[in-house]
Structures are given as structure tokens and as C-alpha cells.
Amino acid sequence: MHIWMRAETRPNERRAGLLPDGAAALVARGWTVTVEDSPTRIVPTADYAAAGCRIARPGTWTKAPVDAIILGLKELPADDMPLRHRHIMFGHAFKGQPEGQVLLDRFRAGGGTLLDLEYLVDDTGRRIAAFGHWAGYAGAALSLRAWAGQTGPVDICTSAEVMAEDLRNLLTCRAPRVLIIGALGRVGQGAAALCASVGARVTAWDISETANGGPFPEVLSHDVFLNCILAAPGVPVFVPRDAGTKPRTLRVIGDIACDPNSTFNPVPVYDHVTSWQAPTRRVHDTPPLDVMAIDNLPSLLPEESSKDFAMQLLPHLKRLDRLDEGVWSRAAEKFRGYRS
């Protein structure tokens, strides 16, 4: 087995899906682990070398042996190069996203396979590794920050506690009323943890509260709405397109699930993600309604989120020599069975 961890090319992306202790465990099995050098990764390259990994230049995965499995997190550089390897990554390709169709075409052209991290699921359909908790935590922090009037650029935070303390210093007038939909999932639990740490008043909803399919006027009666439900067939619309013109208390939507280009988007008041430089987008002026929709929220807490995710993923990386079984077989079948 040969696992090749590529350097991430997206700005502000410092996370890693495999840490040195995990790499050492794979090397101890007699596997080859190649790690591309990255000056921005949260873990120094020297730590991987000390764990027995081979070190390669950034971007050289394109020349890796065809039997190497390429491990990454976020999107590949945009070009039309056919993809001949098996790639483990978040492809964002199976919900009708336009960029996803381009990616799938590249795999089909090169004969490679997308083993999408979002679709690594156990036999009950539950994801086996996710950044959800930290996406929820950071997304809630940025949304409450916007409600407090702070909408300027954001940057990496040294810890979750520092992130919460900075927010507590902003919320000095009153505690916002926050509605979390998807409160029982990983993302919702992370959002609730942040809200609890800063004293926000939370209404927690999950499947039972949204089973009637809507409409949901209660969303508009809160200060902040946090969507923690992934876009998928059957998910109802939580915020209607004309929400800005309706009577409302709602001032900030944190679309933590963040899939605006999906045909199943439950928050159709906006159509593109926001960024670290401009974390919110105003979708209505009077009264204001802002949307926070950053699609790499866990990157704001790269150390904690990497440790958590890598710990979840490692037991399954150890089974990569059995690609025709379990989570890897199901992910491959998702790729083979998908038609745009």
C-alpha cells in the first residue's frame, strides 16, 4: 500500500487528514506513506519525516505511481487534467454542484476513482469521520460575531476557548436568541457548545420539529438562525426566498452546512459562499439580513479539527488494503453509481 498525502492549495487551509502518529502506524505495517511538503500545514513536515514518511515537493502527486492512493481534504487545483488515481477527499460532487460535474468528468477521463470523505459511511449510513463539530463551533461563533456588528475579515484562531472568549467580549449588551436546526448532529452539537459557552439563548430543533415540511415562521422570530442540515433530497426549505421582506427579528443566518449551489439548498436566499475576507453577505437592507456561509469553517481551528478528524479517520485508513469491503466499498459504489 502507498498513501500519498498531497499539499492543500486552497488559501487558509492548514488542516491535515493524517497526523504523524497515524502515519507512523501505517509505516509500521510496511506501507509507504508519502507526504508533500507544505509550509502552511498545521503540522511541520519534519514531524512526518521523523515518523518514517517520504517527503515530496508540493503538487507532485500528479506523478505518483498509479497505484498510490492520494489523500487530501479540499478541492484539487482547477484544470482539465484527467485523474488516474484513487483520491480520498471532499469532492462536493454528488448533489448537482456544477464544479462537481467537472471533477467527475476528470475522473472518468482518467479512469480514477473518487472516494469522497462525505460518503464514507458505516453500514447504518452514518459518516465515520467528519469535521462537523468544529464547523458548527466556528460557524456559530462567526454568526454571533456578525450579529454583534463585527463583519470584518477573520483569521485562524489559536484555540476554541480563545474564539469563545473573543466573542464573549463582544456580547456585552444582551444574549441573542439562536435557533439551531440539526441540533442533534455533529454540526449542531458544535454550534450548541459555542452558544452555551457565550451564554446565547438556544432553541434546538431536529427532525421531529421540521417533519411537517414547513413553512417555519419560528425561524424569523429569532435573532440568529444556524442551519446545520446538509442539503439533500427531502430537506425542506427553512428560510424562504422572500424572507428579507417579511416581518422578522432575524438578522443573521449562519448557513453552516453551506451548499448554496445544490438544488436542495434549504436556505435559498443567497447563491454563493462567503469568505474569510468577507465572512457575511447582506441579502436584505432594511432591516438588515446577513448570511454567513464559509465552506471551510473548521480551518479556523486547524489544530483541534485536524486532531479530531484524523483520529476518526485513521482506523479506516488502516483498512485501505481491503478496498472491496466496508466504508471504502460503499464510497466506491457511490462514485460508480452516480449519474449527473
Side-chain angles (χ1 to χ4, degrees), residues 15 73-75 89-100 116-121 125-127 129-144 146 178-195 202-207 209-211 213-214 216 218-219 222 224-241 243 250 252-276 279-281 283 289-301 305 308-309:
R15 293 174 294 170
L73 294 177
K74 300 301 286 185
E75 62 267 22
M89 60 180 285
F90 288 105
H92 303 295
F94 298 133
K95 298 176 185 175
Q97 303 98 321
E99 298 87 352
D116 197 311
L117 287 163
E118 187 175 337
Y119 294 90
L120 293 186
V121 296
R126 180 175 173 78
R127 289 175 62 181
F131 284 103
H133 179 90
W134 299 108
Y137 194 98
L142 266 58
S143 300
L144 269 62
V178 181
L179 173 62
I180 301 173
I181 295 185
L184 298 181
R186 291 185 179 104
V187 178
Q189 290 175 9
L194 180 283
C195 289
V202 172
T203 302
W205 280 13
D206 209 85
I207 293 175
E209 290 83 4
T210 59
F216 303 107
E218 298 91 340
V219 173
H222 287 75
V224 178
F225 165 52
L226 301 177
N227 174 45
C228 301
I229 297 293
L230 287 171
V235 173
V237 171
F238 300 135
V239 183
R241 293 181 187 276
L250 186 66
V252 176
I253 298 169
D255 190 10
I256 299 172
C258 189
D259 208 350
N261 296 319
S262 171
T263 54
F264 310 113
N265 178 18
V267 190
V269 298
Y270 78 109
D271 58 7
H272 62 267
V273 300
T274 59
S275 68
W276 290 31
T280 61
R281 177 189 177 195
V283 296
L289 180 59
D290 293 333
V291 175
M292 187 290 304
I294 291 175
D295 64 356
N296 63 335
L297 287 164
S299 300
L300 290 160
L301 294 165
S305 62
D308 187 17
F309 185 82

Q.
Show me the pairs that pass side-chain hydrogen bond (donor to acceptor under 3.5 Å, both in side chains) and involve residues 290-299, at least two apart or across chains.
A. Arg10-Asp295, Glu13-Ser299, Arg15-Ser299, Trp276-Asn296, Arg282-Asp290

Q | Rounded distance [0.5 Å steps], NZ in Lys74 versus CG in Leu117 | A | 10.5 Å

Q) Any idea which heavy atoms bring Pro236 and Pro266 closest together, and the distance? A) O-CB, 3.2 Å

Q) Quick check: does any side chain N or O of Asp206 sit under 3.5 Å from a backbone N or O of Leu184, one acting as donor and the other as acceptor? A) yes

(Q) Nearest 0.5 Å, please: how far is CG in Leu226 from CH2 in Trp205? (A) 13.5 Å

Q.
Treating Ser305 as the side-chain partner and Pro298 as the backbone partner, does any N or O pair qualify as donor plus acceptor under 3.5 Å?
A. yes

Q: State which residues pass ring-ring contact (aromatic ring centres under 6.0 Å, His included) with Phe90; sequence neighbours excluded, sorted by chain then number.
A: none

Q.
With a 4.5 Å cut-off on side-chain heavy atoms, are Arg126 and Val121 touching?
A. no

Q: Enter the distance from Ile256:CD1 to Ile181:CD1 here, rounded to the nearest 0.5 Å.
A: 11.5 Å

Q.
If you define the side chain from C-beta out and look only at heavy atoms, does anything of Val291 sit under 4.5 Å from Val267?
A. no

Q) Can you list the residues that meet the side chain to side chain contact (heavy atoms under 4.5 Å, CB included) rule with Ala232, with sequence neighbours excluded? A) Val235

Q. Under the criterion side chain to side chain contact (heavy atoms under 4.5 Å, CB included), which of Ile229, Asn265, Ile253, Leu179 is the partner of Phe238?
A. Ile229

(Q) Main chain of Met292, side chain of Thr280: is a donor-acceptor contact present, judged purely on distance under 3.5 Å? (A) no

Q.
Among residues at least two apart in sequence or on other chains, which ones pass side chain to side chain contact (heavy atoms under 4.5 Å, CB included) with Pro240?
A. Asp242, Ala243, Lys246

**Q.** Summary of side-chain hydrogen bond (donor to acceptor under 3.5 Å, both in side chains) pairs that have at least one residue in residues 225-240, sequence neighbours excluded
**A.** Asn227-Asp255

**Q.** Side-chain touch Pro260/Val273, heavy atoms, less than 4.5 angstrom
**A.** yes

Q) Can you list every salt bridge (charged side-chain N to carboxylate O under 4.0 Å, His left out) pair that touches residues 263-274, not counting sequence neighbours? A) Asp271-Arg281

Q | Sub-4.5 Å side-chain heavy-atom contact between Leu230 and Glu118 | A | yes

Q: Would you indicate whether the side-chain heavy atoms of Glu99 and Asn261 approach each other to under 4.5 Å?
A: yes

Q: Applying side chain to side chain contact (heavy atoms under 4.5 Å, CB included) between Phe131 and each of Leu73, Asp308, Val187, Leu301, report the one that passes.
A: Leu73

